[in-house]
**Q** 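Just dropping this structure here.
Sequential numbering from 1 along the given sequence is applied to the chain's residues. Just so you know, ligand 1 is whichever comes first in the structure, and atom 1 is the first atom listed for that ligand. From a predicted model like this one, the values you see are computed outputs, not experimental measurements.
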Amino acid sequence: MDLQGKTALVTGSTSGIGLGIARALAGQGMRLIFNGLATPEQEETVRGELTERSGQTALYWEADLRLGAELLPALHDLGPVDVLVNNAGIQHTAPIEEFPPERWESVLALNLSAAFYTIHALLPAMNQRGWGRIINVASAHGLVASVHKAAYVAAKHGLLGLTKVVALEQAGRGVTCNALCPGWVLTPLVQQQIEARAVQEGISLETARHDLLLEKQPSGHFTTVEQLGQWAVFLCSPACDNVTGTSLPVDGGWTAR
Ligand code: NAD
């Protein structure tokens, strides 16, 4: 596989799954453009780590990806991107009748619309070069639902639809578009849900973590950010030249039930 010297943009890569994927791609010698809502200290740490891994200076794209069409000029300024990973995402849980409308808008803007804007802006350069990989980080919640996650489940189902349309439009042109569908991964996004559950149910963090896992994920193990990084590398390999439009569960059996 020759990813050496190619450029990858990974959104939401200052933490969690995005950082795991950015590290794995940097390990293949790719130049990384990383993004997220980072403190200056986080920015420096991530830049240093990705630069060291890849041997090429990593670039921080500081942008709140909920801004919709306002993102387009900055996206065009990034230059050609060979591998685009749409990963940035947030969660909010509440029954639908109590779901704050502004939270609905935010989750949809980041978890779904941002992927439309990045693909819209960056696809033409992939087509010019005759090669590209688009990887959308969806979720088991792109395939099945859970209560109290109206916005998240709607956005992730939408992201799988977007993945399929882009795959069909690009078929045979050297650009593939696939989605990863992780189950539980122990990142800050999930840690917040474990803490909320512990408070709500008056149980320890350990019990809350155990219950959260076993309720959905038959394996009883979290998927790791390193495993998802390896999936991203695999999707960029020649073995996946003819893999497009797929939704790949990495979920310990969650969606097999
Ligand atoms: P995380 O909270 O650890 O990381 C989220 C990243 O997105 C951070 O870099 C953060 O700075 C960035 N971000 C947040 N708001 C942003 C904004 N407005 N603009 C730009 N960047 C922003 O979360 P994570 O668990 O690593 O989740 C990453 C993706 O994986 C999300 O799309 C999430 O839905 C998906 N996912 C996570 C799990 C899980 O169990 N953790 C499971 C399935 C899918």
**Q** Give a yes or no on whether the backbone of A115 and the side-chain of T118 come within a donor-acceptor separation of less than 3.5 Å.
**A**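 Yes; judged by distance alone, with no hydrogens or angles, the pair exists.
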
**Q** Below 3.5 angstrom, do we get any N/O pair linking W184 and ligand 1?
**A** no

**Q** Starting from atom 21 (N) of ligand 1, which protein heavy atom do you reach first, and at what distance in Å?
**A**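 Here the closest protein heavy atom is G36 CA, 3.6 Å.
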
**Q** Please identify which atoms of ligand 1 are closer than 4.0 Å to at least one heavy atom of G16.
**A** 3 (O), 26 (O)

**Q** Ligand 1 versus A138, non-hydrogen atoms closer than 4.0 Å: side chain, backbone, both, neither?
**A** backbone

**Q** Would you please determine whether A114 falls within less than 4.0 Å of ligand 1 on a heavy-atom basis?
**A**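 A114: no contact with ligand 1 (<4.0 Å).
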
**Q** For R47, does the CZ atom sit with more than 12 other heavy atoms under 6.0 Å from it, leaving out its own atoms?
**A**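 Counting neighbours around CZ of R47, more than 12 heavy atoms of other residues, nucleotides or ligands fall under 6.0 Å, so yes.
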
**Q** If we set the cut-off at 4.0 Å for heavy atoms, which region of L110 has an atom near ligand 1: side chain, backbone, both, or neither?
**A**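 Looking at L110 and ligand 1, just side chain atoms fall under 4.0 Å.
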
**Q** If you draw a 6.0 Å radius around NE2 in H76, do more than 12 non-hydrogen atoms from other residues or ligands fall strictly inside?
**A** yes

**Q** Hey, can you tell me if W254 and W184 have their rings parallel, tilted or perpendicular (30° and 60° cut-offs)?
**A** tilted

**Q** Of the protein's non-hydrogen atoms, which lies at the shortest distance from atom 40 (O) of ligand 1, and what is that distance?
**A** V185 N, 2.7 Å

**Q** Among all protein non-hydrogen atoms, which one is nearest to atom 33 (C) of ligand 1, and what is the separation to 0.1 Å?
**A**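 Of the protein heavy atoms, Y152 OH, 3.4 Å lies nearest.
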
**Q** Just need the protein heavy atom nearest to atom 26 (O) of ligand 1, so name the residue and atom and give the distance.
**A** I17 N, 2.8 Å

**Q** Starting from atom 28 (C) of ligand 1, locate the nearest protein heavy atom and write down its residue, its atom name and how far away it is, to 0.1 Å.
**A**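 Nearest protein contact, heavy atoms only, for atom 28 (C) of ligand 1 is N87 OD1, 3.3 Å.
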
**Q** So if I count the atoms of ligand 1 from 1 in the order they appear, which ones are less than 4.0 Å from some heavy atom of L189?
**A** 2 (O), 23 (O), 25 (O)

**Q** Please tell me if the side chains of T14 and E43 come closer than 4.5 Å, counting only heavy atoms from C-beta onward.
**A**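 Answer no - side chains too far apart.
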
**Q** Any donor-acceptor pair under 3.5 Å linking the side chain of D251 with the backbone of P182?
**A**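 Judged by distance alone, no pair lies under 3.5 Å.
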
**Q** Between the candidates P182, S15, S13, which shows the shortest non-hydrogen contact distance to atom 1 (P) of ligand 1?
**A** S15

**Q** Counting each atom of ligand 1 from 1 as listed, which ones have a heavy atom of N35 under 4.0 Å away?
**A**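 Listed by number with element: 20 (C), 21 (N).
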
**Q** Using a 6.0 Å cut-off, check whether atom CD of E215 has over 12 heavy atoms from anything other than its own residue.
**A** yes

**Q** Relative to ligand 1, is Q91 under 4.0 angstrom through side chain, backbone, both or neither, heavy atoms considered?
**A** neither

**Q** Using a strict cut-off of 4.0 Å, indicate which atoms of ligand 1 neighbour a heavy atom of V190.
**A**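 Those qualifying, in numeric order: 39 (C), 40 (O), 41 (N).
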
**Q** Determine yes or no for a side-chain-to-main-chain donor-acceptor pair under 3.5 angstrom, with H157 supplying the side chain and H141 the backbone.
**A** yes

**Q** Distance-only, no hydrogens or angles: does the N136 side chain make a donor-acceptor pair with backbone N or O of A138 under 3.5 Å?
**A**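 It does not hold such a pair.
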
**Q** Taking atom CG of D77 as the centre, does the number of heavy atoms from other residues, nucleotides or ligands within less than 6.0 Å exceed 12?
**A**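 Yes, the 6.0 Å shell around CG holds more than 12 heavy atoms from other groups.
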
**Q** Could you tell me whether the side chain of Q56 and the main chain of G29 form a donor-acceptor pair under 3.5 Å?
**A**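 Here the side-chain-to-backbone pair exists.
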
**Q** Select the closest option to atom 20 (C) of ligand 1 among A63, G12, A109, judged by heavy-atom distance.
**A** A63

**Q** Got a donor-acceptor contact below 3.5 angstrom from the N178 side chain to the I134 backbone?
**A** no

**Q** Could you identify the single nearest non-hydrogen protein atom to atom 9 (O) of ligand 1 and state the distance to 0.1 Å?
**A**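 Protein heavy atom at minimum distance: T14 OG1, 2.8 Å.
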
**Q** Give me the nearest non-hydrogen protein atom to atom 19 (N) of ligand 1 as residue plus atom name, then the distance to 0.1 Å.
**A** L65 N, 2.9 Å

**Q** Closest non-hydrogen protein atom to atom 11 (O) of ligand 1, residue and atom name please, with distance?
**A** L37 N, 2.9 Å

